[in-house]
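Encoded as structure tokens, the structure appears first; notes follow it.
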Amino acid sequence: MSVPVLDAATLENLVAAAVAAPSIHNTQPWRFRLDPDDVTLEIRAVDRRGLRHIDPAARALHVSVGCALFNLRVAVAHFGWVPVARLLPRPEEPDLLATVPLSSTSVGPPTPLESLYDVLWQRHSSRFPFCERPLPTALLAELAGAARSEGVLLTHPGPVDTDRLLQLGREAERRTKADAGRAAESRRWVRAPDESALGIPPAALGRQDARERIPMRDFGAHRHPAVLISRPFEKRPSITVLSTGHDRRVDWLRAGQALERVLLVATARGVRASLLHQALEWPDLRERLVRVSGSRPAHAQMVIRLGYGPQGPPSPRRTARQVLDCDGLSSLRGSSGLPGSSGLPGSSGLPGSSRLP
Ligand SMILES: Cc1cc2nc3c(=O)[nH]c(=O)nc-3n(C[C@H](O)[C@H](O)[C@H](O)COP(=O)(O)O)c2cc1C
């Protein structure tokens with residue numbers, strides 16, 4: 001492989017790949033900066049886009065940024081660098097969640113991450129009914145392996161535990177609708193695509209389960225759910241749970257990377273996914289999502305519904321230019337380095353650029 005060149009177009013592509021990641025309520029709570037001295041990309045949290053009521057500890061924010069970090073690693077591998085990251089590298093800068101060096105060149109055969117590059121532009125949440133076809137055991141093992149490579153456990157409970165998980169999700173949905181602060185916060189992020197390029201467009205909201213079994217999130221937190229469109233969902237949903245041994249910020253970032261890795265491998269195999277995060281937003285319900293195995297406690301980080309069904313519609317994304325701090329850009333070929341000066345080329349040639357406003 002030839003030595004990768006970090007020019008403005010490559011930088012924009014790296015950041016656009018990261019931004020294509022899922023985030024809670026499509027808040028996209030991240031910013032990027034190139035540190036020209038170390039040739040390192042920094043990912044920082046944007047706290048003002050955190051969900052104060054739904055996610056007061058910012059756990060879901062960290063999981064979201066972990067997803068973006070995984071996409072960034074995939075893109076870094078695609079361009080020929082070694083896809084490594086340092087998590088929470090400077091404790092005195094709590095908003096700096098990770099750094100990714102763009103200095104070491106990959107040698108040897110392609111890494112498994114590179115094969116996920118084309119897929120990351122195609123992944124969308126699908127909140128529609130899936131068919132009854134079960135997931136092959138080998139595929140479930142592959143997804144568990146994908147999570148394990150990020151240091152995270154993915155389990156696929158049997159029918160009894162699945163029922164229990166779904167019941168916890170339904171209880172969380174009921175509570176959220178009754179909680180004025182959370183309901184209002186959720187509603188604020190449902191919006192027709194606008195210049196903010198944030199939030200969930202009505203077309204992506206999907207359907208509710210007419211059997212009232214799978215707790216598909218009602219982002220509008222309607223008091224009268226009859227206004228929502230319902231369809232019968234699959235009778236035997238494939239539900240998986242991501243969990244970690246500890247519950248620190250670093251574990252949340254790892255969980256996010258594992259989540260995105262699982263979602264991309266699933267997408268590559270033609271499997272759709274939607275997330276059922278509601279029970280994680282209530283501490284007592286979250287605790288009940290995982291059973292204590294032996295003496296090692298486990299902490300649930302995500303509930304994922306998987307299956308075969310329709311592709312979900314895309315949700316908007318901010319452009320690379322909107323999320324990249326420009327102070328480190330002047331050293332790059334193809335960039336004037338001036339904020340807002342169009343130093344970065346337009347995104348028309350980028351994969352997935354139709355998603356960018
Ligand atoms: C931490 C986290 C929590 C999420 N929770 C839910 C959820 O409870 N229900 C849901 O349908 N989608 C959930 N999502 C998916 C986001 O709504 C989705 O990623 C975002 O709207 C962007 O859409 P996309 O996934 O189609 O790109 C969650 C995503 C993350 C990262």
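Order of listing sets the numbers, starting from 1, for every ligand and every atom in it.
- Taking only nitrogen or oxygen atoms, main chain and side chain alike, R217 reaches within less than 3.5 Å of ligand 1.
- Closest heavy-atom approach to atom 10 (C) of ligand 1 among the candidates L275, L198, V65: L275.
- Screening R269, R148, R261 for a salt bridge (charged side-chain N to carboxylate O under 4.0 Å, His left out) with E142, the sole residue that qualifies is R269.
- Note: an N/O pair closer than 3.5 Å links R123 and ligand 1 by distance alone.
- Residues V262 and L275 share a single hydrophobic cluster, defined by chaining ILVMFWY side chains whose heavy atoms lie under 4.5 Å apart.
- With a 4.0 Å heavy-atom cut-off, ligand 1 is reached by the side chain of R127 but not by its N, CA, C or O.
- Side-chain N or O atoms of S64 include one that pairs as donor or acceptor with a backbone N or O of I24 at under 3.5 Å.
- Atoms of ligand 1 lying under 4.0 Å from at least one heavy atom of S315, given by number and element, are 23 (O).
- The residue from P22, S125, S23 that puts a heavy atom closest to atom 16 (C) of ligand 1 is S23.
- Comparing V303, N26, V19, I24 against atom 30 (C) of ligand 1, the shortest heavy-atom distance belongs to I24.
- Residue E281 has no N or O atom closer than 3.5 Å to an N or O atom of ligand 1.
- Here R317 has side-chain heavy atoms under 4.0 Å from ligand 1, and that is the only part of it that gets that close.
- Residue-ligand proximity: S64 is placed with a non-hydrogen atom under 4.0 Å from ligand 1.
- Aromatic ring orientation, H78 versus Y117: parallel (interplanar angle below 30°, classes split at 30° and 60°).
- Judged by the shortest distance from any of its heavy atoms, G312 lies outside the 4.0 Å radius around the atoms of ligand 1.
- A side-chain donor from one of S274 and R305 sits under 3.5 Å from a side-chain acceptor of the other.
- Although no hydrogens or angles enter the test, the distance criterion places no donor-acceptor pair under 3.5 Å between the side chain of R317 and the main chain of A197.
- At distances below 3.5 Å, not a single donor-acceptor pair connects side-chain atoms of Q257 with backbone N or O atoms of L69.
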